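Everything below concerns the one structure shown next.
Chain identifiers are assigned alphabetically (A, B, ...) following the order of the sequence lines, protein sequences preceding nucleic acid strands; residue numbering begins at 1 within each chain. Note that the structure is predicted; figures quoted are calculated from it, not measured.
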Amino acid sequence: MGIKVILPSGSELVADPGMRILDIIPPNSGLVAKVGDRLIDLTSELKPEFEEVHVLDFNSPEGRETYWHTSSHIMAQAVKRLFPNAKLGIGPATEEGFFYEFDVEGKSFSPEDLRSIEEEMSNIVKEDLQIIREELSREEAIDLFTRLGEDYKVELLREMEEEIVSIYRQGEFVDLCRGPHLPSTGWVKHFKILYASASYWKGDERNPVMQRVYGISFPDKAMLEDYLVRREEAKKRDHRVVGPQLELFSMPSEIIGPGLVIWHPKGAMIRRIIEEFLVRVHLKRGYQLVYSPHIAYTDLWKTSGHISYFREYMYVFEKDGIEHAIKPMNCPFHILVYKSKRRSYRELPLRLFELGTVYRFERSGVLHGLLRARGFTQDDAHIFTTPEGLEDEIFGVLELGEYLLRSFGFEDFVVELSTWDPSHPEEYMGSEEDWRRAEEALRYALERKGYDYKLMPGEAAFYGPKIDIKLVDSIGREWQASTIQLDFNLPKRFDVTYVDADGSERTVVMVHRALLGSIERFFGILLEHYAGNFPIWLAPVQVRILPVAERHISYAEQVYDKLTKAGIRADLDVARGTLSYRIRESELSKIPILLIVGDREAQSEKVAVRLKGQGNLGSMPLEEFIGKFKAEFLPPDLR
RNA sequence: GCCCCGGUAGCUCAGCUCGGUUAGAGCGCCGCCUUGGUAAGGCGGAGGUCGCGGGUUCGAAUCCCGCCCGGGGCUCCA
C-alpha cells in the first residue's frame with residue numbers, strides 16, 4: 001500500500017513506507033514535508049500511518065521558515081566556532097529571516113565580527129554537513145547540554161513538559177530543537193547577516209543581555225538581491241530623512257525634547273488638507289465635531305481608571321495645590337459631552353469626533369520619528385449607541401475606514417478581531433453575556449462587510465473586544481492604522497446611560513475608534529508609501545511655473561494668477577540659473593506638475609506641461625490644462 | 001526604562017586608533033558672470049561653542065567620567 005506524496009508543483013508520487021522522502025522526490029523540489037498539521041524533515045522515513053505527505057518549498061510559509069531556521073543554526077555554528085565561549089540562546093525563523101541570540105559575556109559583535117561570522121557560515125555551507133535529528137529523553141538532553149555548558153538550553157529543557165525531546169546535529173554543532181530542518185547545510189544558498197543588536201533573555205529586562213544576530217537567506221541569488229534592494233528602498237523612504245528634506249516637518253529633539261514634532265509650512269499644508277478632508281467626511285457620515293482641552297485635573301483619569309495603569313505614561317504636574325495632567329486620550333471629555341444632559345434612546349447613536357492632540361510619555365526606547373511620538377493627534381471618535389444599534393455602527397465605521405484608507409491610496413488591508421480569553425473571565429470587565437453579544441456584533445459587521453479577518457483570541461483589552469485594521473503600503477509593509485474598540489468599562493465608571501423607550505435607564509454601549517490612528521503616524525506612513533511623491537490633491541505645491549528666462553516672468557505671473565484663482569496651489573520660479581537646473585530642483589522637491597513657459601507659450605497663451613515621473617506632455621492652452629487635471633486637484637470627496 | 005552603537009558646517013561625511021599650526025570635502029546657501037527649452041553652466045564667498053558639562057594634560061574634536069540627544073534591538077504601542 002503506497003503513500004501519496006504531493007509535490008509543491010501539484011504532481012503526486014506514490015511511495016512505500018520506509019523510504020526517505022528526500023530519496024523519492026526530484027532534486028530541489030522541496031524543503032520540508034507536512035503530514036496533517038505536523039512538519040517533518042525531508043530526511044524522515046515514510047511511516048505506514050501516513051496518509052498523505054505534502055512537500056513544501058520556499059513559496060510556502062513553512063518552507064521559508066524551515067530554510068531560515070536552518071540558516072540560523074548555521075549562523076550559530078559559525079559563532080560557536082569563532083567564539084567558543086558564546087552560550088546559545090534561541091534561534092528561530094522570523095517573518096522575514098532569522099536570528100540567533102548568544103550570551104557572549106558582555107561582548108558585542110563588531111561589524112568585523114559579523115563579517116567573519118558570515119565567512120564562517122560560507123565555510124559551513126561548503127562543508128555541506130548532514131543535519132541529523134535525534135530524539136532522546138529530557139534527562140539525557142539536560143545531561144548533554146550541561147556538559148556542553150549551554151546553560152540556557154538546560155533552562156529551556158527544565159521548563160519543558162515533554163519527556164522526549166529532539167536535538168539536531170550538524171558536524172560538531174548540536175542544538176536543542178524541535179525542527180524540522182533542511183537535510184544538510186549545503187541547502188542554504190544565499191545569505192546575508194544584516195545586523196546585531198542586544199536583547200534580553202526571554203525578552204525580560206531583568207534577565208541577562210544577549211547579543212542577537214539577524215540574517216536573511218534565500219535559495220536564489222536574485223531573491224537575496226531583491227530583498228536587499230527592497231531594504232535599501234525602505235531606507236531611502238525613511239520619513240525621518242525625507243520629511244525634513246522636503247521641508248515638511250522636523251523634530252529638533254535635542255532642543256524641544258524627544259518625540260515632538262514641528263510642522264513646517266509644506267507639511268502643515270498637507271496635514272491641513274488631510275484634516276479638512278477628515279472633518280468633511282465625518283460630518284457627512286453623521287458625526288459631530290467637538291473640541292476638548294489639553295489639560296484636566298488628574299482626578300478625571302482616576303474616574304476613568306486610566307491613571308492606575310497609565311500613570312507612568314502621563315505628564316502630570318501641580319498647580320494651586322491640585323494635580324493636573326495633560327490628556328493622554330480624549331474619551332473622558334467626549335463622555336462629559338454626552339453626560340451634559342439626560343439622553344434619550346432617540347438621540348442615539350451619538351457620534352462625537354475630534355482631532356484630539358494627546359501626549360503620552362512613551363518610553364524613550366520606543367520613539368521612532370512620526371511613527372511613535374510623544375505628542376500626536378488622533379482622528380478620534382466615540383460612538384454612544386444602544387446594544388441593538390451596535391452592529392450597524394460597527395459596519396458604518398468599517399465602511400468609513402475603508403473609504404478613508406482607499407482615498408489615501410491604500411488598497412490592501414489585514415483585519416484582526418481580538419476577542420477575550422473565555423478561560424479567564426475574571427480578567428475582563430463585563431459579563432460573559434456582554435462579551436458574547438459584543439463579539440457577535442463585531443463578527444457580523446465584519447462578515448457583512450465581506451472582510452476576511454484573523455481571529456485573535458485572548459488579544460482583547462480587559463475592557464472590550466476590538467477590530468484592528470492594518471494597511472499594506474506600496475512596498476509590502478503592514479502598518480497598524482484603524483482600531484475600533486468596544487468599551488464596557490467607561491460607561492460603567494462614568495455612569496453613561498440613556499432613557500429607553502419603556503422609560504427605563506440603560507447603560508450605553510461605547511465604541512472608541514480612530515481610523516487613521518494618529519495623524520502624525522499616518523502622515524509618516526503616507527510619506528513612506530509615496531516616497532514623498534504625494535498625489536496631486538495632497539501635494540503642498542501642486543504646480544510650479546517655470547519661466548524659461550526672466551523675460552517670461554510677467555507671462556508666468558499671469559498663469560500663476562489664473563491657477564490661484566482656480567483654487568490650485570501654485571508657486572512661481574524666479575528664473576535664476578538654467579532651466580535644466582530648475583527642473584531638477586523641482587523634481588527633487590517632488591512637485592507633481594511643472595508648467596514651463598517661454599516665448600512659444602507666451603505668444604500662444606499656452607503652457608508646456610511636465611508631470612513628475614512622466615516627463616514632458618507638450619504644450620496646451622492653460623484652460624485645457626486646468627480642465628484636464630480638475631478632478632485631481634481636489635480631495636476625493638469634492639471631485 | 002534597559003543593552004549596544006553613535007553625535008564634526010543647513011545636509012551627507014573625512015579627521016579621532018597613536019592628543020600638537022588657521023578642523024577639511026561634496027551638496028546646499030550668498031555674490032558675480034552667464035539669459036537659459038525639459039534632471040546639475042562657470043567663478044568667487046560666507047558658514048563650525050567638533051552634542052553639553054566636568055576631568056587628565058603644557059596642550060583635547062581626539063583620552064576618561066557624567067548628562068542630553070539620536071540609531072538598532074528588547075518590551076510596549078496610535
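- Nucleotide B/G31 is matched to B/C43 when pairs are restricted to Watson-Crick or G-U wobble geometry with both distances under 3.5 angstrom.
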- Message: So if I define the base as every atom that isn't primed, P, OP1 or OP2, how would nucleotides 47-53 of chain B read as a B/S/- string at a heavy-atom cutoff under 4.0 Å?
- Response: -------
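- Between A/H69 and A/H73, the angle of the ring planes goes over 60°, which puts this pair in the perpendicular group of the 30/60° scheme.
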Between the protein and nucleotides 9-14 of chain B, list every N/O to N/O distance that falls short of 3.5 Å.
none

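- Nearer to the 5' terminus of RNA chain B, by closest-nucleotide assignment, is the contact made by A/V597 (compared with the other of A/S482 and A/V597).
- Within 6.0 Å of NZ on A/K202 lie more than 12 heavy atoms contributed by other residues, nucleotides or ligands.
- Pair assignment for B/U49: none, as no Watson-Crick or G-U wobble contacts are both less than 3.5 Å.
- Look at the P atom in both B/U49 and B/U8: the space between them is 13 Å, to the nearest Å.
- Here the rule is ring-ring contact (aromatic ring centres under 6.0 Å, His included) with A/W420, and of A/F462, A/Y428, A/F488, A/Y463 only A/Y428 fits it.
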Are there any protein N/O atoms within less than 3.5 Å of an N/O atom in nucleotides 25-31 of chain B, and if so, which ones and at what distance?
from, atom 1, to, atom 2, distance (Å)
B/G28, OP1, A/Y581, OH, 2.9

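- Within the 4.0 angstrom heavy-atom criterion, no nucleotide atom of any strand lies near A/D380.
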- Apply salt bridge (charged side-chain N to carboxylate O under 4.0 Å, His left out) to the pair A/K87 and A/D151, showing each step before the final yes or no. CA-CA 7 Å; A/K87 287 182 179 156; A/D151 306 343; 3.0 Å; yes
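- Across every strand in view, B/G70 sits in a pair with B/C5 that passes the Watson-Crick or G-U test at under 3.5 angstrom.
- Proximity of the aromatic rings of A/F317 and A/Y315 is defined here by a centroid distance below 6.0 angstrom, and this criterion is not met.
- For the OP1/OP2 pair of B/G41 and a distance below 4.0 Å, the side-chain nitrogens and oxygens of A/T578 include at least one atom meeting the criterion.
- Remark: A/R477 engages A/A234, A/D473, A/I475, A/W479, A/E528 in a side chain to side chain contact (heavy atoms under 4.5 Å, CB included) (not counting sequence neighbours).
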Hey, can you pull the donor-acceptor pairs under 3.5 Å for the side chains in residues 605-618 of chain A, sequence neighbours left out?
from, atom 1, to, atom 2, distance (Å)
A/R610, NE, A/E587, OE2, 2.7
A/R610, NH2, A/E587, OE2, 3.1
A/N616, OD1, A/G618, N, 2.8

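- Residues meeting the side chain to side chain contact (heavy atoms under 4.5 Å, CB included) test with A/D599, sequence neighbours left out: A/R551, A/H552, A/Q603.
- RNA chain B lies under 4.0 Å from at least one heavy atom of each of the following residues of residues 542-557 of chain A: A/V548, A/A549, A/E550, A/R551.
- The same atom, C1', is picked in B/U22 and in B/C43; the two are 24 Å apart, to the nearest Å.
- Note on residues 306-316 of chain A: pairs passing salt bridge (charged side-chain N to carboxylate O under 4.0 Å, His left out), not counting sequence neighbours, are A/R311-A/E323.
- Nearer to the 5' terminus of RNA chain B, by closest-nucleotide assignment, is the contact made by A/N616 (compared with the other of A/N616 and A/E362).
- No more than 12 heavy atoms of other residues, nucleotides or ligands lie within 6.0 Å of CD in A/E95, so this atom counts as exposed by the packing criterion.
- You cannot call A/F522 stacked on the base of B/A78; the centres under 5.5 Å and planes under 30° rule is not satisfied.
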Would you list the atom pairs, donor with acceptor, under 3.5 Å between side chains in residues 245-259 of chain A and any protein atom, with sequence neighbours excluded?
from, atom 1, to, atom 2, distance (Å)
A/S250, OG, A/H264, NE2, 2.8

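- Checking B/G37, B/A78, B/A39 against the side-chain heavy atoms of A/K612 singles out B/A39 as nearest.
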- Query: Going 5' to 3' along nucleotides 70-75 of chain B, which nucleotides have protein heavy atoms under 4.0 Å from the base (write B), which only from the sugar-phosphate (write S), and which from neither (write -)?
  - Reply: SSBBBB
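- Taking atom CG on A/L579 and atom P on B/U35, their separation rounds to 15 Å, with Å as the unit.
- Under the 30°/60° scheme for interplanar angles, the aromatic rings of A/Y359 and A/H294 are found to be tilted.
- Residue A/E601 is classed as a base contact, given a heavy-atom separation below 4.0 Å to a base.
- Partners of A/E65 by side chain to side chain contact (heavy atoms under 4.5 Å, CB included), not counting sequence neighbours, listed by chain and number: A/A93.
- Annotation: cation-pi pair A/R285/A/F353 absent, no NZ/CZ under 6.0 Å from the ring centroid and within 45° of its normal.
- Applying the ring pair (Phe, Tyr, Trp, His ring centres under 6.0 Å) rule to A/H382 yields the partners A/H334, A/H512; only residues at least two apart in sequence or on another chain are considered.
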